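Before any comments, here is the structure.
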Amino acid sequence: MNCYHPAETWSREEIEKAQTMRLKHSVQAALASPFYSRRFSSLGITAETIKSSESIRDIPFTTKNDLRSGYPFDFLAVPKEDLVRLHASSGTTGSPVTICHTRADLNAWADLMARCMHMVGVRKSDIFQNIAGYGLFTGGLGIHAGAERLGCLTIPAGAGNTRRQIKLIQDMQVSVLHIIPSYALYLGGVVRDMGLDPRELPPRIALIGAEPHTEEARQRIELLLGLKAYNSYGLSEMNGPGVAFECLGQNGMHVWEDAYILEIINPKTLEPVPDGEVGELVLTTLCRRGMPVLRYRTSDLTRVIPEPCPCGRVHRRIDRIMGRADDMLIIKGCNFYPMQVEQILLSFPEVGQNYLILLELEGDMDQVCVQVEIREEYFVEDVRALTKLQKRIAHRLRDEILFTPKVELVQANTLPKQEGKAVRVVDRRNKGQ
Ligand code: AMP
Ligand code: ZN
């Protein structure tokens, strides 16, 4: 194994030993914050009460609401003058959640990110284009720092302006991209429309993440852009990208357990679930000093992949994120996640790169309308062929989500697209439209 950091090859015992020691330090550091000092003093939690990584179960969970109510400074564990950066999570409702970093925190984060990129073959000699929004979103500066840490020539291209992105890729002979999956699909569509051969496009690797996407989406991105795409998972509350990342095996993401403690719980009972079972991901920072966050309930649903990874790393792998607990839709008594719809849609070669799930009211009844872009060459087919396709899509969706949604075929590039994370579901039920 060609590793960036020695911790990648640690044994389980070494990881657990480091976790216990680092958890003690993290609790000690957290006690300096107003939030955790209040919370821990009533429970008698101190660094001394941490005997092993298992002791984490004595610590209460931290929720998004805790972070919101602690906005802006209740979680800070160091004086403000020791902080050098602030990021925020992308939530659109309520108070924002902000995360502050010391210089050492940023340094550790850049190292984790560099480790992820190195794992999939990114090297100093690579030219790296970061097609992600800079600003408060961690996919900009967070990934940027990792690429520079590795020594790549790093292009902070930012989001949007697709033609300029493609020109940069070609002119600079860019070999590695970071790009949000929904935008990668769109960019791939533009590449195809421009008549470019994906096999002749310079990039060989894309890091894709920041939003849920299916294996079907990954395969499409690989095909459209002629490269290998690796799943990158993170959240601002835990720094951002660099928490978990796929290795060359492309089968689940290794969580860097020397930097985070990983738990999967049943979101109703809050008890741990056995490895292999889907539940809510809970994460604890082990190395962050500006703003430690302990047992954070991410809302993200996944499972630990119990089998050992052929790559040899023993840092446990989590499966592709199914979605957030609050993404689940309940329509006509059936529960489903938007990703189940994506999985079906993108398995049709006729389907283009974008879709939208509309929730509507028909009388008193909830109705789902799936609008799906059809590739130009199929859209010009006769009405009979299109009606047949529409029915096939509706049937396949019914098999997956157990009721038949309305399916509307629309022309390529007509659905709204975002510069950042895609909006896959629009709820029109309250507006009476
Ligand atoms: P933010 O901190 O605002 O960038 O949002 C973090 C959230 O984005 C996570 O909690 C996940 O819900 C989602 N997310 C990030 N990376 C991935 C990924 N690779 N797959 C699925 N969802 C992701
Ligand atoms: Zn692996």
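The structure displayed is predicted, hence computed values, not measured ones. Counting convention: from 1, in listed order, for ligands and their atoms alike.
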Aromatic plane relationship, F40 with Y36 - under 30° parallel, 30 to 60° tilted, over 60° perpendicular: tilted
Could you tell me whether K421 approaches ligand 1 through its side chain, its backbone, both or neither, with non-hydrogen atoms closer than 4.0 Å? side chain
Distance-only side-chain donor-acceptor flag, Q19 / E54, under 3.5 Å: no
Can you report which non-hydrogen protein atom sits closest to atom 20 (N) of ligand 1, along with the distance? E211 O, 3.4 Å
At a cut-off of 2.8 Å, what protein N/O/S atoms sit near the Zn ion (ligand 2)? C247 SG, H254 NE2, C309 SG, C311 SG
Check L235 against ligand 1 and report side chain, backbone, both or neither, counting heavy atoms closer than 4.0 Å. both
Considering residues at least two apart in sequence or located in another chain, which fulfil the side-chain hydrogen bond (donor to acceptor under 3.5 Å, both in side chains) criterion with D327? none
Given G209, S236, P241, G234, which has its nearest heavy atom closest to atom 15 (C) of ligand 1? G234
Could you check whether atom CZ of R103 has more than 12 heavy atoms from other residues, nucleotides or ligands sitting under 6.0 Å from it? no
Considering the heavy atoms of R324, write down every atom of ligand 1 situated less than 4.0 Å from one of them. 10 (O), 12 (O)
Tell me which one of R424, Q371, K417 satisfies side-chain hydrogen bond (donor to acceptor under 3.5 Å, both in side chains) with N354. R424
Cationic tip of R115 above Y4 ring, under 6.0 Å, 45° of axis: no
Indicate, with yes or no, if the rings of H144 and Y134 have centres closer together than 6.0 Å. yes
Would you say NZ of K332 has more than 12 non-hydrogen atoms from neighbouring residues, nucleotides or ligands within 6.0 angstrom? yes
Test the R392-F348 pair against the cation-pi criterion, namely NZ or CZ under 6.0 angstrom from the six-membered ring centroid and within 45° of the ring axis. no
Record the part of S232 in heavy-atom contact with ligand 1 below 4.0 Å; permitted values are side chain, backbone, both and neither. backbone
Which of the atoms of ligand 1 are close to S89, meaning less than 4.0 Å from one of its heavy atoms? 2 (O), 3 (O)
Suppose we measure from atom 10 (O) of ligand 1 to each protein heavy atom; which comes out shortest, and what is that distance? D300 OD2, 2.7 Å
Check A210 against ligand 1 and report side chain, backbone, both or neither, counting heavy atoms closer than 4.0 Å. backbone
The reported gap from CZ in R288 to CG in L294 (rounded to nearest 0.5 angstrom) is 9.5 Å
Show the nearest heavy-atom pair for residues K64 and S89, with the distance to one decimal. NZ-OG, 3.5 Å
Have a look at ligand 1 and work out which part of N231, if any, has a heavy atom under 4.0 Å from it: side chain, backbone, both or neither. side chain
